[in-house]
Amino acid sequence: MKRCLDEAYPNAECELDFSTPLELLVAVILSAQCTDVRVNRTTPALFARYRTAADYAGADRTELEEYIRPTGFYRNKATSLLKLGAALLERHDGEVPDTLDDLVKLPGVGRKTANVILGEAFGLPGITVDTHFGRLVRRWGWTAEQDPVKVEFAVGELFPRKDWTMLSQRVIWHGRRICHARKPACGACPLARDCPAFGEGPTDFDEAAELVKGDERDHLLAMVSQR
DNA sequence: ATCCCGAGGG
DNA sequence: CCCTCTGGAT
């Protein structure tokens with residue numbers, strides 16, 4: 001199944017817009033229970049106003065909340081960003097650390113966020129168990145674990161560390177486009193042949209692939225038609 | 001109604 | 001192991 005994923009999504013990558021590790025960290029915190037499209041509409045103004053850890057640490061709470069409100073959970077997220085800025089200044093000289101241990105100790109940063117930063121900002125191996133990743137690997141029977149940390153360890157056993165980051169990106173990419181929580185687009189799924197859950201969603205390509213457009217749609221159609 | 005690349009607190 | 005936090009799209 002992994003080879004099929006690699007072939008289907010050779011260019012899968014993080015869809016959050018950022019240009020520094022700090023920007024990525026902020027974007028990932030904002031992305032909780034929020035689409036990347038919305039985060040990307042929110043961050044340009046935010047990043048222009050707050051450039052450094054010190055800027056977040058010294059931010060006016062009400063103003064910061066206004067910037068991030070459309071991403072939801074804005075009071076919690078504002079608290080996280082304020083404390084995050086202070087913690088980065090205090091412990092890491094204002095820089096974003098590059099180890100899992102240091103990252104997860106930061107306010108508002110859990111394992112999922114920490115692993116995204118490792119993989120995307122520093123090129124270090126990390127398995128990102130978000131809602132998509134957990135749902136898909138359970139559908140595939142790779143693990144039956146519900147707890148995200150147990151899922152991370154179980155899947156980590158299945159693949160070499162060098163594959164962890166791209167695997168995470170491709171699984172999540174697939175979850176967002178095809179293998180949806182409620183109505184998985186089985187008819188447009190390049191993994192259907194090997195999937196224990198095939199048939200849970202529509203199996204007709206045109207109905208299934210409604211959300212996939214352009215070159216990506218053509219590529220999927222080509223893969224699906226020879227499965 | 002249900003979902004979106006979660007984390008922290010009780 | 002629960003619960004809460006939040007707005008916007010579908």
Side-chain angles (χ1 to χ4, degrees), chain A residues 5 9 11-18 21 23-43 45-46 56 61-62 64-88 100-121 125-139 145-152 155 164-185 200-202 207-213:
Chain A
L5 263 181
Y9 310 112
N11 304 317
E13 57 186 9
C14 180
E15 295 184 87
L16 295 168
D17 296 334
F18 67 98
E23 287 188 359
L24 177 61
L25 185 49
V26 171
V28 176
I29 288 172
L30 295 183
S31 75
Q33 295 302 101
C34 176
T35 61
D36 284 1
V37 173
R38 175 166 315 286
V39 173
N40 289 337
R41 261 186 273 166
T42 304
T43 48
L46 181 72
Y56 288 103
R61 164 176 285 279
T62 307
L64 182 57
E65 286 180 354
E66 286 307 311
Y67 274 93
I68 66 175
R69 169 165 297 163
T71 66
F73 293 169
Y74 64 91
R75 280 188 286 266
N76 287 349
K77 289 173 180 174
T79 302
S80 292
L81 294 181
L82 282 161
K83 291 186 177 173
L84 174 70
L88 288 177
L100 190 63
D101 281 350
D102 285 340
L103 284 164
V104 295
K105 286 175 190 157
L106 295 170
V109 180
R111 279 189 84 88
K112 179 257 167 181
T113 301
N115 276 315
V116 173
I117 304 305
L118 286 181
E120 303 293 329
I127 294 184
T128 307
V129 183
D130 65 352
T131 173
H132 294 299
F133 194 97
R135 180 179 75 247
L136 268 61
V137 297
R138 282 189 291 274
R139 270 185 183 155
E145 299 289 355
Q146 289 285 338
D147 175 54
V149 179
K150 291 181 180 171
V151 171
E152 185 185 327
V155 176
W164 287 2
T165 298
M166 279 309 290
L167 178 72
S168 300
Q169 288 169 323
R170 287 173 178 146
V171 171
I172 292 166
W173 191 276
H174 181 62
R176 302 175 67 176
R177 286 165 178 70
I178 303 294
C179 197
H180 305 130
R182 257 206 284 166
K183 198 173 141 194
E200 280 185 20
E207 185 187 352
E210 234 169 350
L211 295 176
V212 190
K213 309 285 183 196

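Please read these numbers as outputs of a predicted model, since none were measured by experiment. Naming convention: chains lettered A, B, ... in sequence-line order (proteins, then strands); numbering from 1 in each chain.
Across B:dA7, C:dT6, B:dC5, the shortest atom-to-atom separation from the side chain of A:Tyr74 is found for C:dT6. Picking from B:dC5, B:dC3, B:dG6 the nucleotide with the shortest atom distance to the side chain of A:Arg182 gives B:dC3. Counting only heavy atoms from C-beta on, A:Arg41 has its side chain closest to C:dA9 among B:dC3, C:dT6, C:dA9. For A:Arg38, the listed nucleotide lying nearest its side chain is C:dG8; candidates were C:dG7, C:dG8, B:dC5. With distances taken from any side-chain atom of A:Ala181 to the nucleotides C:dC5, B:dC3, B:dG6, the minimum falls on B:dC3.
A distance of about 16 Å separates the C1' atoms of B:dC3 and C:dC5, rounded to the whole Å. Taking the P atoms as reference points, C:dT4 lies 24 Å from B:dC5, given to the whole Å. Rounded to whole Å, the P atom of C:dT6 lies 15 Å from the corresponding atom of B:dG10.
Rounding to whole angstrom units, CD1 of residue A:Ile29 and C1' of B:dC4 are separated by 17 Å. Note: CZ (A:Arg135) to C1' (B:dT2) measures 13 Å, nearest angstrom. Distance A:Asn115 CG to B:dG6 P: 14 Å, rounded to the nearest Å. Counting to the nearest Å, the P atom of B:dG8 and the CG atom of A:Leu84 are 11 Å from each other. One can place NE2 of A:His180 at 14 Å from C1' of C:dA9, the figure rounded to the nearest angstrom. At whole-Å resolution of the value, CZ in A:Arg176 and P in B:dC4 are 10 Å apart. Rounded to whole Å, atom P of B:dC5 lies 19 Å from atom CD of A:Glu152. Here B:dG6 presents its C1' atom at 14 Å from CG of A:Leu81, a figure rounded to the nearest Å.
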Let me see the working for A:Glu65 and A:Arg69 under salt bridge (Lys or Arg N to Asp or Glu O under 4.0 Å), right down to the final yes or no.
-> CA-CA 6 Å; A:Glu65 286 180 354; A:Arg69 169 165 297 163; 5.2 Å; no
Could you go through the side chain to side chain contact (heavy atoms under 4.5 Å, CB included) check for A:Lys77 and A:Phe73 one step at a time?
-> CA-CA 6 Å; A:Lys77 289 173 180 174; A:Phe73 293 169; 3.8 Å; yes
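Going from atom OG1 of A:Thr165 over to atom CD of A:Glu120 covers 7.0 Å, rounded to the nearest 0.5 Å.
Within the 3.5 Å criterion, the main-chain N or O of A:Asn40 finds no donor-acceptor partner in the side chain of A:Asp17. Counting only distance, with no hydrogens or angles, the side chain of A:Arg170 and the backbone of A:Ala12 share no donor-acceptor pair below 3.5 Å.
Between A:Arg111 and B:dG6 there is no side-chain polar atom (N or O) within less than 4.0 angstrom of OP1 or OP2. Applying the 4.0 Å criterion to OP1 and OP2 of C:dT6, one finds that A:Gln33 has every side-chain N and O outside that range.
Mapping A:Leu106 and A:Lys112 onto DNA chain B via the closest heavy atom, the residue that lands nearer the 5' end is A:Lys112.
Comment: A:Glu200 does not engage A:Arg135 in a salt bridge, judged by the lack of any side-chain N to carboxylate O separation of less than 4.0 angstrom.
Residue-level contact check: A:Val37 touches neither bases nor backbone, having no heavy atom under 4.0 Å from any strand. Among the atoms of the strands shown, none is found under 4.0 Å from any heavy atom of A:Pro148.
Centre separation under 5.5 Å together with a plane angle under 30° holds for the ring of A:Phe73 and the six-membered base ring of B:dG6, marking them as stacked.
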